[in-house]
Amino acid sequence: MLEVIFLGTGGIMPNKERNVPAIALKYKSEIILWDIGEGTLRQFNIAKLSPMKIDKIFITHFHGDHYLGLMSFIQTMSLWNRERPLHIYGPKYTFEFVQNYLKSGFFRAGFEIHVHELGEARLKFGEYEIWSFKVKHGVPALGYVFKEKDKRGSFDIEKIRKLGLIPGSWMKKLEKEGKVEIDGRIIHLEDVTGKPKKGVKVVYTGDTEPCERVKLFSENADLLIHEATYIDKADRNESYHSTVSEACEIAKKAKVKLLALFHRAPRYTYEEYCTRAREVCNYKFIIPRDFDVIKVGEGYELSSIR
Ligand SMILES: [Zn+2]
Ligand SMILES: [Zn+2]
């Protein structure tokens, strides 16, 4: 089960109704952050989340609405005597931008900061992986995938009986080692378990124009958080972002289970955006607001911590 907590859902600049991008992924005892726009610390505070639980921050690109909240996080963590290192991931130039950023003001981080510049990568972290992929936004920019490891199916009593076996302590050994020998027979885990359960897959595009890589990396995702800055092409005066209909088209092609439309331009009110999005998107979608939470597991559970 993964909790996707939307802390900032609007693009370009914050306004009264919503903040700029930040998505917290709560997985077991950890919180991973995707983007950290200005004011994210305040949003954390309102959502009663602790910045100290964050070890990994993934920045999609270096436009202000996606990273300007980093400094206040680092200063606060220092103030609270953080000792654990913090890992910051991002596209080309992340090292340079973070170093320059940290040199400003009368403060020094009191803990180690490790910066990782990524191209397209697969990072393995215990029970999940984070994949990065290149998107099209006129500057180096990445999208990210959270992919939980697939889990083995549970023991199938019918299969065990059919093999003439009696459930017992051998099952623990089998679980640990993957195979076990019983009366000269080798039994493999898949001989006595059901279908493996697919791990959760959630994708975040960051800012991008419609892009083939997004489609490829989103295939069969449980949730695709796609930027849809504008409703339709008539509203768009540049080509570095997507529209609602373009995001819908990609979700449909990638067969994602649920689409979240994200990063709406400040010109739209939430109500206007929803009404017009319903007219142009015929795919299964939601339009999250700040502090909405989607629990992604075998199904979905929507709630809010407003
Ligand atoms: Zn943006
Ligand atoms: Zn941008």
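Both counts, for ligands and for their atoms, begin at 1 and track the order of listing. Predicted model only: the values in this text are computed from it and were never measured.
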message: For a side-chain contact (heavy atoms from CB on, under 4.5 Å) check, start with the C-alpha distance between Y144 and L118, then their side-chain angles and the critical distance, and finish with the verdict.
response: CA-CA 11 Å; Y144 292 111; L118 304 173; 4.1 Å; yes
- request: Show your working on side-chain contact (heavy atoms from CB on, under 4.5 Å) between I54 and L49 and close with a plain yes or no.
  value: CA-CA 10 Å; I54 293 186; L49 297 171; over 6 Å; no
task: Show your reasoning for whether side-chain contact (heavy atoms from CB on, under 4.5 Å) applies to D65 and H263.
output: CA-CA 10 Å; D65 53 333; H263 196 271; 3.2 Å; yes
- prompt: What protein N/O/S atoms lie closer than 2.8 Å to the Zn ion (ligand 2)?
  reply: H61 NE2, H63 ND1, H137 NE2, D207 OD2
message: Looking only at side-chain N and O atoms, does D207 offer a donor or acceptor that is under 3.5 Å from a partner on H66?
response: yes
- prompt: Do T94 side-chain atoms and E117 backbone N/O form a donor-acceptor pair below 3.5 Å?
  reply: no
query: When Ile, Leu, Val, Met, Phe, Trp and Tyr are grouped by side-chain heavy atoms lying under 4.5 Å apart, directly or through other members, which residues fall in the same group as V20?
result: none
